[in-house]
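Heavy atoms only: backbone and side chains are in, while hydrogens, waters and symmetry mates are out. Computed from a prediction, not measured in an experiment: that's the story for all the values here. All chains are named by letter (A, B, ...) in the order of the sequence lines, taking the proteins before the strands, and each is independently numbered beginning at 1.
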Amino acid sequence: MPDTQPDQPAGPTPALPTIGILGAGKVGTVLSRLLLAAGHPVLISGSGDPAKIALIIDVLAPGAVPMTSEEVAREADIVILALPLGKYRTIPADALAGKLVIDAMNYWWEIDGHRADLSDPRTSTSELIQSFLPASRVVKAFNHMGYHDLDEGPRPEGAPGRKAIGIAGDDAPDLAAAAALVNAAGFDPVPVGTLRDSILLEPGSELFGANLPAEGVQDAAARFPETERGREVAAARADEDAA
Amino acid sequence: MPTTPIEFGLNSFGDVPTDGSRTLSDAETVRLVVDEAKQAEAVGLDVFSLGEHYREGYVDSATPVLLAGIATATERIGLGTAVTVLSTNDPVRLYNEFSTLDALSNGRAQLVLGRASQTQSFPLFGYNLEDYETLFEEKLDLFMKLQREMPVTWEGTVRAPLVEQTLHPTMRPGGIPTWIGVGGSPNSVIRAARYGLPLMLAIIGGEPHRFAGHVDLYHRALDQFGLPRQPVGQHALGLIADTDEEAAETWWRSWEPLVTQMGRERGFYPPTRERYELELGTGALFVGSPETVAQKIVRMTQELQISRFDLKYDIGGLPVDARARTIELFGTKVAPRVRELLAAEGDEAHHDDHDSHDLYRIGSTHA
Ligand SMILES: NC(=O)c1ccc[n+]([C@@H]2O[C@H](COP(=O)([O-])OP(=O)(O)OC[C@H]3O[C@@H](n4cnc5c(N)ncnc54)[C@H](OP(=O)(O)O)[C@@H]3O)[C@@H](O)[C@H]2O)c1
């Protein structure tokens, strides 16, 4: 890619990282639109042949490039997981080695079926993804807001009433990169803890489904230990530590 | 230029209502639904459709049986579903039921096939939720073959194969109107287009104009498959009362506990009053006075190019008279008012090229 001249008029900034999105469904297409609008190149895949999603992308996220998941994983700088959680074992782990991976997935039994491995209060599902992708760095983001709120909610930075998205991860630079993406998409990023803590962004927790400004997200995250779900998680984890 | 005609449907899941302080029994609710369908016909609505649920508070589980009852109690109104959970039905059985319904009602049967928002039928009939896609895809293939090209020879993984099979009573040529219900997944939109079937958008939350992109996707997919344009419809929830305030309060009393319960089952938090007000204003709920609801439907014809609008008027615990009033006002006030507004719009406007609409709003939400 040619270097951008410093005095060039504003346009798409080639310096922005290329975003890969695995999953071309409701969330994948909305996130593509938001990140394209912010100037990021976007690569996207469904479960199979890119030709199958070509029209979907052309209409719902024009500008994104349909590829196979393997290609998306290899060629993108940052990869967002927007496929059904139950299918996580089909994620091309090797191609993601060394990359920042943003986990937007949730356990949704109506899609994934009833699965004990995805609903164990001792482990957040993002921890599960991290252990499946040992050579990648996983941060949780974009999972708790419904896709229609994601679609309708973006505002420029500093706009009154801007909605927030909670993010969770173990590493400061990675959290910062995820925060920059959330901001680019049009939301205030709110760090709520480590990957282990990301269970407070999952279904069953107060923040799941939340479409709130930053203070609201911060307050709900702070309240988590006192909630029924928070106590259930703490108890399960204490048992595990004792065992 | 002539305006697109619009059809109005009434949808019921057989939600059990209240009467004063009393909750109706299941059997009373079954009979009430038949009466409401008769009322829908009397006030001039075009279609009456029933869902398919398997849980407390809903009596629509035997959809075709209930529709058959309605068929013999009415003369003109279309009889449909909203939606039939194809994945856990046997397409052969479904064909038999709906060809019988169509015969019984003198050609008034129709269907919407979809996923439905409830999943109880999967464990109940021994299916796995994970197999949803395969079940739907294979069964749709078979069901459309049965309707379009009997005798049918078919083989798949989800039921016994068929060899040169003909079913009776035989449906009218080409089958009955069969819609695909979608809830936002772009893949389902493409599937409807692939079969050349009309598209029913189930919009139960958020701003409906989000679906404008899906409508465009649908039209372009039909073009790509070389198939003619098909109608687009919208299924929405709502209540019509004499004033906006009365409608908003009555609906809230039933909607709030329902959504709270759904949230408990799926793991999201209860709806706030603020969220509710947004749904009433620019969102997906059609709750208000006849004028408010009519104006909102007219907006949908512009934003989503719909030529059919279905209102789900029952919601658990709603008083029977609020339901009756909704049906009455929908038929006698809202439907004629929408037609009047559309006719006035058609007289003024000269959007002469219907096909050249832009991807309005899509991609432009980010200021
Ligand atoms: N819906 C929401 O409001 C929401 C909000 C936040 C987060 N989420 C989470 O985001 C994820 C996607 O949800 P959704 O609602 O967008 O679902 P969706 O509309 O069903 O889309 C899922 C997409 O994932 C693709 N996919 C399946 N297996 C894949 C694989 N192995 N590699 C790449 N892509 C694959 C599917 O492609 P095929 O059709 O080809 O299989 C489809 O394009 C889920 O984990 C969900 O919990 C959802």
So does [X] have more than 12 non-hydrogen atoms from other groups sitting under 6.0 Å from [atom1]?
X	atom1	value
Glu228(A)	CD	no
Arg89(A)	CZ	no
Leu258(B)	CG	yes
Glu265(B)	CD	yes

Answer with side chain, backbone, both or neither: which region of [X] has an atom nearer than 4.5 Å to a non-hydrogen atom of chain B?
X	result
Ser205(A)	backbone
Ala24(A)	backbone
Tyr147(A)	side chain
Asn211(A)	both
Trp109(A)	both

Original post:
If you tally heavy-atom pairs under 4.5 Å against chain A, which of Gly267(B), Gly183(B), Pro270(B), Gly206(B) wins?
Top reply: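 Between Gly267(B), Gly183(B), Pro270(B), Gly206(B), the count favours Gly267(B).
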
Original post:
With no hydrogens and no angle check, is any side-chain donor or acceptor of Glu110(A) less than 3.5 Å from a backbone partner on Thr119(B)?
Top reply: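 Checked: no pair found.
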
Which region of [X], side chain (C-beta onward) or backbone (N, CA, C, O), has a non-hydrogen atom less than 4.5 Å from a non-hydrogen atom of chain A, or is it both or neither?
X	answer
Asn187(B)	both
Gln118(B)	neither
Arg115(B)	side chain

Taking all non-hydrogen atoms of both residues into account, name the closest pair between [X] and [Y] and its distance.
X	Y	result
Pro186(B)	Ile56(A)	CB-CG2, 3.6 Å
Gly184(B)	Lys26(A)	O-CG, 3.3 Å
Arg220(B)	Asp58(A)	NH2-OD2, 2.5 Å
Val59(A)	Leu217(B)	CG1-N, 3.7 Å

**OP:** Could you tell me whether Arg275(B) and Asp149(A) have a side-chain N and a carboxylate O separated by less than 4.0 Å?
**Re:**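 A salt bridge is present here (some side-chain N lies under 4.0 Å from a carboxylate O).
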
Original post:
chain B: which of Ser32(A), Gly46(A), Gly63(A), Gly204(A) shares the most heavy-atom pairs with it under 4.5 Å?
Top reply: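 Heavy-atom pairs under 4.5 Å are most numerous for Gly204(A).
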
**OP:** Supply the atom-to-atom distance His114(A) NE2 to Phe122(B) CZ, rounded to the nearest 0.5 angstrom.
**Re:**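 It is 11.0 Å, given to the nearest 0.5 Å.
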
**OP:** State the CD1-CD distance between Ile111(A) and Glu130(B), to the nearest 0.5 angstrom.
**Re:**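 These two atoms lie 10.5 Å from each other.
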
Original post:
Is the closest side-chain heavy-atom distance between Arg210(B) and Glu152(A) below 4.5 Å?
Top reply: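 In contact.
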
**OP:** With side chain to side chain contact (heavy atoms under 4.5 Å, CB included) as the test, would you mind laying out the steps for Ile190(B) and Leu55(A) before giving the verdict?
**Re:** CA-CA 9 Å; Ile190(B) 302 273; Leu55(A) 183 62; 4.2 Å; yes

